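Before any comments, here is the structure.
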Amino acid sequence: MKKNLVLGVSGGIAVYKALEIVSLLVKRDINVNVIMTESATKFVTPLSFQSLSQNMVTCDMFSEPKAWEIQHISLAEKADLFLVAPATANIIGKVANGIADDMLSTTIMATKAKVIFAPAMNTNMYENPIVQENIKKLKSFGYEFIDPAEGRLACGTSGKGKLESPEIIVDKVLMELNKDKDLLNKNVVVTAGPTIAPVDPVRFITNRSTGKMGYAIAKEARNRGANVTLISGPTSIAAPRDITVINVSTNEEMKNEVTNIFDEADIVIKSAAVADYKPKNYSTQKIKKSDGELCIEFIRDNDILAELGSKKKNQILVGFAAESQELKDNAMSKLQRKNLDYIVANDITASDTGFASEDNKVIILSKEGKEIYLDKMSKEKIATNLFDIILEKR
Ligand SMILES: Cc1cc2nc3c(=O)[nH]c(=O)nc-3n(C[C@H](O)[C@H](O)[C@H](O)COP(=O)(O)O)c2cc1C
């Protein structure tokens with residue numbers, strides 16, 4: 001069943017970012033009901049939130065009810081979680097002082113769900129002792145806050161007060177909504193991204209992996225309560241919160257890092273696209289351009305997955321197989337050869353899934369012979385399914 005988030009949107013310049021929050025949450029199958037303050041509707045129309053959330057947007061407490069239910073009570077009860085983003089100084093002040101004079105403040109007052117505020121305002125407003133006192137008071141009652149970031153604000157000044165990025169806010173929401181915490185205190189190690197094989201001080205070979213799949217897996221494990229270590233090749237993705245990130249470049253570095261923590265790991269998911277070959281001789285000087293052809297001899301590099309498979313004790317070891325032909329057979333043979341528990345196989349010939357794409361379409365095979373076909377879906381949803389399968393929830 002879908003989880004329900006009630007999103008309160010109050011009237012600041014960052015309202016447009018709340019649209020991105022709704023869009024990201026809907027993509028993750030969260031049902032979002034938006035309540036806007038009257039001021040918020042001056043910045044963005046309810047229609048935009050309605051279109052993205054696919055739900056009616058509530059603004060006015062005294063409008064004709066669509067069904068015979070008192071809306072602020074029904075939304076307050078329906079909420080698995082309540083997020084206010086952006087949260088103005090005004091809404092923070094009202095809730096802190098027990099004022100319930102519009103739909104948003106009244107519903108917050110009536111809910112038993114956890115309420116998280118993501119404030120956004122001019123730095124002077126944010127630093128005003130009255131606002132800080134209100135925040136302190138709300139925290140003492142169990143309300144939570146996602147602190148604003150520092151940066152250039154819409155009013156032209158710089159400082160603390162910028163709404164935290166939609167990605168970080170959504171991450172926090174997903175962490176909260178995932179109440180089962182079915183990986184609590186488990187040590188999960190994920191590898192992600194490509195590795196590079198240097199040829200000379202300026203050149204290297206690498207592959208097209210962006211790391212998106214591995215980062216999605218690491219975040220999903222964190223959201224389920226795991227202690228996550230992400231060993232990442234070079235990517236352009238920002239380090240996720242509450243995850244230990246170890247940056248590496250080469251196959252050798254990745255092997256050393258993952259081997260170091262393998263004994264303490266409960267689950268190891270090797271989604272990195274590790275180079276299979278490296279130049280036989282690394283040139284310490286830049287190879288000079290010449291008229292003739294350049295031949296570089298490549299030798300096999302470490303097969304990290306096979307080495308982990310041979311050392312495995314109680315760990316659950318999961319590999320990835322990017323194949324361009326005979327997907328299932330090749331993946332099954334890799335699973336058996338390398339002593340894996342699961343393998344996630346994807347067909348890299350499809351142009352709209354796989355490397356650099358937002359989506360993936362995979363088959364997950366288990367050593368017991370389970371075959372689960374996942375249709376094209378976001379890498380985040382693949383990550384959710386993968387852990388459901390590992391934890392035998394499907
Ligand atoms: C252009 C503009 C931008 C504003 N931006 C913010 C803001 O970022 N944060 C804030 O707390 N108030 C901001 N305000 C002031 C709020 O809109 C005002 O305090 C209002 O009463 C808030 O109402 P609400 O909390 O019911 O949405 C802004 C006002 C204007 C006109």
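Source: prediction; values computed, not measured.
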Please list every donor-acceptor pair under 3.5 Å in which a side-chain atom of residues 165-175 meets a protein atom from a residue at least two apart or in another chain.
residue, atom, partner, partner atom, Å
S165, OG, I168, N, 3.3
D171, OD2, R222, NH2, 3.2
K172, NZ, E144, OE1, 3.2

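- Nearest heavy atom pair, residue D102 against residue T106, reads O-OG1, 2.5 Å.
- A salt bridge is absent between K286 and D200: the closest approach of a Lys/Arg side-chain nitrogen to an acidic carboxylate oxygen does not fall below 4.0 angstrom.
- In this structure, K312 pairs ionically with D341, as a charged nitrogen and a carboxylate oxygen lie closer than 4.0 Å.
- In summary, D388 and R224 engage in a salt bridge, as defined by a charged side-chain N under 4.0 Å from a carboxylate O.
- Side-chain contact annotation: N346 with K361, donor-acceptor N/O pair under 3.5 Å absent.
- A salt bridge is defined here as a Lys NZ or Arg NE, NH1 or NH2 lying under 4.0 Å from an Asp or Glu carboxylate O, and E371 with K328 meets this definition.
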request  = Could you walk me through whether K114 and E176 pass the salt bridge (Lys or Arg N to Asp or Glu O under 4.0 Å) test, one step at a time?
outcome  = CA-CA 9 Å; K114 177 180 273 189; E176 284 299 334; 3.0 Å; yes

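- Shortest non-hydrogen contact noted between A275 and T195 is N-OG1, 2.8 Å.
- Under a 4.5 Å side-chain heavy-atom cut-off, the cluster of Ile, Leu, Val, Met, Phe, Trp and Tyr residues that includes I287 is completed by V199, I205, Y277, L294, I296, F298.
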Considering only distance and modelled atom types, tabulate donor-acceptor pairs under 3.5 Å from the side chains of residues 36-44, sequence neighbours left out.
residue, atom, partner, partner atom, Å
T37, OG1, A40, N, 3.1
T41, OG1, E38, O, 2.5

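- Salt-bridge formation is not detected for the pair D301/K255: no Lys NZ or Arg NE/NH1/NH2 atom is positioned less than 4.0 Å from an Asp or Glu carboxylate oxygen.
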